There are 2 protein chains.
Amino acid sequence: MKNEININCPVVNAVNVIGGKYKIIILYHLSEGTLRFNELQKRIPYATPKMLTQQLRELERDKLISRTVYPVVPPKTEYALTDYGKSIMPVLEALCDWGKTYLETPEC
Amino acid sequence: MKNEININCPVVNAVNVIGGKYKIIILYHLSEGTLRFNELQKRIPYATPKMLTQQLRELERDKLISRTVYPVVPPKTEYALTDYGKSIMPVLEALCDWGKTYLETPEC
DNA sequence: CTGGATCCGGATAGATACTG
DNA sequence: CAGTATCTATCCGGATCCAG
């Protein structure tokens, strides 16, 4: 992310953390439980693996999600919200409500 | 905006509308009242005029804001939230609360 | 002088192929 | 399965220019 200019505004700070191209969607899917990389890919098909990896790494760096690699064959990597990441769920719910009510889409 | 793929998820739809680079910040500033172009520029100094214009036009196209041009000299253009745009304020408040509580920034 | 538009170079995202 | 690598297309930022 660029423009990580802290002008002491919480909205700006929040956007700096969750404003990445697919971050809100990733957090939203992870809010329903732990997911593996390819499960996220299926849920966000328009994000390429490269972008998914990049956004996941940034979310991990910002402590919103955890990444657990199991040293098995075939590879297995699980992504989950941290407690900190879970703290953003009210925002996701507000966004979902707005999407439901005003964009007339029935289901999540 | 690209990726305006409606997969019938309200969060995806919401992100399609407000996911632009400066849209949340613009909406946030306009939530406090009507602003002129250069007033928005002052509040969002890291957005170039070009980007500001682009994002404002997209928000206008999506009916979240209104643009009123007064044919006077010097030019005067006012941007304001529409009623539809105001409906997103709960999301902005949730985001602001999250920013305040978890990013430890005192003021808006 | 405000509220933009235009042009260009660098950064970012997408498509596809490939690997440990 | 979970990513990389590479190449291309698109977007963003900065400077400049322009009309009312």
Side-chain angles (χ1 to χ4, degrees), chain A residues 1-7 12 15-27 29-30 33-62 64-81, chain B residues 1-7 12 15-26 29-30 33-62 65-81:
Chain A
M1 285 290 293
K2 284 298 173 44
N3 295 325
E4 299 202 358
I5 301 167
N6 183 335
I7 54 174
V12 171
V15 171
N16 282 341
V17 175
I18 61 159
K21 200 165 171 70
Y22 302 112
K23 289 182 182 176
I24 290 175
I25 302 298
I26 291 171
L27 294 170
H29 287 296
L30 290 180
T34 299
L35 290 174
R36 298 177 62 173
F37 187 86
N38 71 339
E39 294 175 316
L40 277 167
Q41 269 201 111
K42 283 174 200 155
R43 284 164 173 75
I44 314 173
Y46 47 88
T48 60
K50 183 180 71 169
M51 289 311 301
L52 209 49
T53 300
Q54 184 186 112
Q55 302 282 293
L56 286 165
R57 294 291 149 83
E58 290 186 11
L59 289 168
E60 185 191 6
R61 185 201 63 191
D62 291 335
L64 289 166
I65 66 172
S66 63
R67 175 170 178 266
T68 309
V69 181
Y70 296 92
V72 297
V73 178
K76 178 177 175 182
T77 307
E78 284 186 346
Y79 293 93
L81 292 186
Chain B
M1 287 289 293
K2 284 297 172 43
N3 295 325
E4 299 202 358
I5 302 167
N6 184 335
I7 54 174
V12 171
V15 171
N16 282 340
V17 175
I18 61 159
K21 198 167 174 71
Y22 302 114
K23 288 183 183 177
I24 291 176
I25 302 297
I26 290 170
H29 286 296
L30 289 180
T34 299
L35 290 174
R36 298 178 61 174
F37 186 85
N38 69 344
E39 293 176 318
L40 278 168
Q41 270 201 110
K42 283 175 201 155
R43 284 165 173 75
I44 315 172
Y46 45 89
T48 60
K50 185 179 69 170
M51 289 311 301
L52 208 49
T53 300
Q54 185 186 110
Q55 302 281 293
L56 286 166
R57 292 291 150 83
E58 290 186 13
L59 288 169
E60 186 191 5
R61 185 200 63 192
D62 291 335
I65 67 172
S66 62
R67 176 170 178 266
T68 309
V69 181
Y70 296 91
V72 297
V73 178
K76 179 176 174 182
T77 308
E78 284 186 346
Y79 294 93
L81 292 187

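In what follows, every chain begins at residue 1, and chains take the letters A, B, ... in the order their sequences are listed. Note that this is a predicted model, so its numbers are computed, not measured.
Regarding A/Phe37, its CZ atom lies at a distance of 9 Å from the C1' atom of D/dC1, rounded to whole Å. The CD atom of B/Glu60 sits 15 Å away from the P atom of C/dG3 (whole-angstrom rounding). The separation between A/Gln41 atom CD and D/dA2 atom P is 9 Å, rounded to whole Å. Rounded to an integer number of Å, the gap from B/Leu35 CG to C/dG4 C1' is 17 Å. Per the geometry, CG belonging to B/Leu56 stands 11 Å off P belonging to C/dG3, to the nearest Å. In this structure, the CD1 atom of B/Ile44 is 15 Å from the P atom of D/dC12, given to the nearest Å. C/dG4 atom C1' lies 12 Å from atom CG of B/Asn38, rounded to whole Å. Summarising the geometry, the separation between CD on B/Glu39 and P on C/dG4 is reported as 13 Å, rounded to the nearest angstrom.
Between the side chain of B/Glu78 and the backbone N or O of B/Thr34, no donor-acceptor pair lies under 3.5 Å.
Of the options B/Gln55, B/Arg61, B/Glu60, a side chain to side chain contact (heavy atoms under 4.5 Å, CB included) to B/Arg57 is made by B/Glu60 and by none of the others.
Of the inter-residue distances, the one linking A/Ile26 atom CD1 with A/Leu81 atom CG reads 11.0 Å to the nearest 0.5 angstrom. To the nearest 0.5 Å, the span separating CZ on B/Arg43 from CG on B/Asn38 amounts to 9.5 Å.
Contact annotation: A/Gln54 reaches the phosphate of C/dA13 (side-chain N/O to OP1 or OP2, under 4.0 Å). Neither OP1 nor OP2 of D/dG14 sits under 4.0 Å from any side-chain N or O of B/Tyr46. Proximity of A/Arg67 to the phosphate of D/dG3: a side-chain N or O atom is located under 4.0 Å from OP1 or OP2. OP1 or OP2 of D/dT4 sits under 4.0 Å from a side-chain N or O of A/Arg57. In this structure, A/Tyr79 does not reach the D/dC1 phosphate: none of its side-chain N or O atoms is under 4.0 Å from OP1 or OP2. An OP1 or OP2 oxygen of C/dG4 is reached within less than 4.0 angstrom by a side-chain nitrogen or oxygen of B/Thr77. Not one side-chain nitrogen or oxygen of A/Tyr22 sits closer than 4.0 Å to the OP1 or OP2 atom of C/dT12. Taking side-chain N and O atoms only, B/Arg36 has a distance below 4.0 Å to OP1 or OP2 of C/dG3.
Of the candidates C/dA5, C/dG14, C/dT2, the closest approach to any side-chain atom of A/Met51 belongs to C/dG14. Checking C/dG14, C/dA5, C/dG3 against the side-chain heavy atoms of A/Thr48 singles out C/dG14 as nearest. Comparing atom distances between the B/Pro75 side chain and each of D/dG3, C/dG4, C/dT2 picks out C/dT2 as nearest.
Within 4.0 Å (heavy atoms only), A/Lys50 reaches at least one base atom of the nucleic acid. At the heavy-atom level, B/Tyr70 lies nowhere under 4.0 Å from the strands shown.
Direction of the helix axis in the helix from C/dC1-D/dG20 to C/dG20-D/dC1 shifts by 40° between the two five-pair termini, rounded to 10°.
You'll find the side chain of A/Ile25 reaches within 4.5 Å of the side chain of A/Tyr46, heavy atoms only. Side-chain contact between B/Leu59 and B/Leu30 is absent, with no heavy atoms from C-beta onward closer than 4.5 Å.
Of all heavy-atom pairs between B/Phe37 and B/Pro49, the closest is CZ-O, 3.9 Å. Across every non-hydrogen atom of A/His29 and A/Ile44, the tightest pair is CD2-CG1, 3.8 Å.
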